Each structure stands twice: as C-alpha cells, then as structure tokens.
Amino acid sequence: TLGCLAVSASIHIHTNGPPISGGFLVSPPYGGMEMQETYHMTAAGWFDEDLPITYEFTYSSSTASGTLVDNVVKAKTTSFEGSSMLPAIGQIENNHTIRVTAIIYDSYSLATRVVAEVQVLPLVLNTADASDLISGQLANNTDTDAVQQVLAVASTLLNRVDCSGLAAGFCIGLNRDNCSAVSNTCGSCLSGYGIGVLGPHNTKCSSVAISFVVESDSSCSNESPCAN
C-alpha cells in the first residue's frame, strides 16, 4: 500500500543590523569658543556581533547653495573617543550651535549615526590678530591631525563674512537661509519657496503657488460667439 507523507522545509535568514545601545556625548556642550576650546567626543557603550566596531566623528556645514556637508574631525578608528576644535558656523538664531555626528560602524560598514548639538561661540578678531593666533596654534601642535583641525577652523575664521548688518530673523522673513556666504546678504531660497532671485540675495522668495487671472470679454455676437 502506497501512502503520502507531509514534508516541510524552512529557511532561516540572518540579517545584519547596525551597532546598537550606545550613546554619544560632546563636552563642553555650551560656552566653548572657536580656536580656544577643545571639544571632547565620546561614543561609548555600542554593541555589535560583527567586530571590530569603528568610530568616526564629523561636524555638519552648509554650502552657499544650502547643501549639508560632513567634515571629518576624526577619521574612522577603533577608538570611541576623540578631541578637536570646532568652527563657529552656527547662527545667532540657533544660539551658535552646530551639529556634531558620531558614525559607528560594524565590520561590514553598516553604521548608526548619532547627532549632538554643541555651542561654538565666534571669536571676533581683526585679520592681524587672527593670523597671530593661528600661527601660535600651529607652532604649538606637531600632531598631524591637530594641525589639520587648526587649519580647518582657521579657514572658517579668516573667511567668515560680516553679517552684523542683518537683524535677527531678517532672512527667515524673506524665506531665505541665513547670511553665510556674502557679507550682509541672506542665503538661497528655503525649500518650498523656489520663486525668487537665485543664490544669496536680500529679496523675498515666494512659494510655488501661482494664480492665473483670466480677463473676460463681455461683447459677444452671432458672428463671434462667446466661448463657454
């Protein structure tokens, strides 16, 4: 006698996930001054089965067109700590805070990103005093990474434009980014306000909603009937 047996099969697929369960701290969170304060970054407590875990630290800046860029302050290593000076690229409207990011990778480069906001106050110096300060910082640092950090912050300090002539909230009222690329001039139009002068300007940007006005001709005749 022939019989039938039920047969079943299963496949178990193990998926990889990014590192979990850790934290990220930047100290000091408030009151630091560019070119004077060293910020200490710690991304401790992260777990992943796919070792080794590596860590990278960056800060975000925006281009003249408004594109966000990640600037590396500590390249990827197995150390969960790092130290760096940071540039004062925040705006007065957000209390001079900037975004610092820890990127935590597993051995397959799957990553978790954690953001901390820290205050970096701008250093107000004339060009001669700024140059003297930068020269002194470079003379006191022989480590390659430290020299690169000084040069990055120094570039921001020397190339900073004067935005003191614009009142707080002025650029937001024009639906534009804050002043950052051209002296006393607002940035590009904000997202959703694409009608306006391209690039940095102090004219208002408008939303893409356009209204059409149709003029009607009330004189109609049999020879030229009105359109419905």
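Every heavy atom of this structure was used, including side-chain atoms; hydrogens, water molecules and symmetry mates were not. We're numbering straight along the sequence, starting at 1. Given the structure is predicted, the values throughout are model-derived calculations rather than measurements.
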Checklist entry - Does L25 share a hydrophobic cluster with I20, counting links as ILVMFWY side-chain heavy atoms below 4.5 Å and allowing steps through other members? => result no

Checklist entry - For the atom pair CD1 (I103) and CZ (R113), what is the distance rounded to the nearest 0.5 Å? => result 4.0 Å

Checklist entry - Less than 2.5 Å separating the SG atoms of C179 and C171? => result no

Next on the checklist: Does the structure place the NZ or CZ of K74 under 6.0 Å from the centre of the six-membered ring of Y55, at an angle of no more than 45° from the ring's axis?
Outcome noted: no

Next on the checklist: Per the side-chain hydrogen bond (donor to acceptor under 3.5 Å, both in side chains) rule, what does the pair list look like for residues 39-49, sequence neighbours excluded?
Outcome noted: H40-S83

Checklist entry - Do the non-hydrogen side-chain atoms of I104 and I53 ever get within less than 4.5 Å of each other? => result yes

Next on the checklist: For L133, is there any backbone N or O sitting under 3.5 Å from a side-chain donor or acceptor partner on S135?
Outcome noted: no

Checklist outcome for this item: Tightest non-hydrogen contact, residues F57 and G82, listed as CE1-N, 3.6 Å

Checklist entry - How long is the span from the OG1 atom in T101 to the CG atom in N71, to the nearest 0.5 Å? => result 10.5 Å

Checklist entry - For Y59, which residues count as a ring-ring contact (aromatic ring centres under 6.0 Å, His included) partner, sequence neighbours excluded? => result none

Item to check | Rounded distance [0.5 Å steps], CZ in R99 versus CG in N94 | outcome: 10.5 Å

Checklist entry - Roughly how far apart are S60 OG and I98 CD1, rounded to 0.5 Å? => result 8.5 Å

Checklist outcome for this item: Rounded to the nearest 0.5 angstrom, the OG-CE distance for S79 and M41 is 10.5 Å

Item to check | ILVMFWY cluster, V73 and I134 together (side-chain gap under 4.5 Å) | outcome: no

Next on the checklist: For a side-chain hydrogen bond (donor to acceptor under 3.5 Å, both in side chains) check, start with the C-alpha distance between S188 and D177, then their side-chain angles and the critical distance, and finish with the verdict.
Outcome noted: CA-CA 6 Å; S188 300; D177 282 326; 5.3 Å; no

Next on the checklist: Quick check on side-chain contact (heavy atoms from CB on, under 4.5 Å): which of T203, N202, N175 does C186 satisfy it with?
Outcome noted: N202

Checklist entry - How many angstroms lie between atom CG of D106 and atom CG of N16, to the nearest 0.5 angstrom? => result 4.5 Å

Item to check | Cluster check M35, V147: I/L/V/M/F/W/Y, side chain < 4.5 angstrom | outcome: yes

Checklist entry - Got a sec, which residues hit side chain to side chain donor-acceptor pair (under 3.5 Å) with N95, two or more places apart in sequence or on another chain? => result Q119

Next on the checklist: Tell me the closest heavy-atom pair linking R176 and H201, and the distance in Å.
Outcome noted: CD-O, 3.2 Å

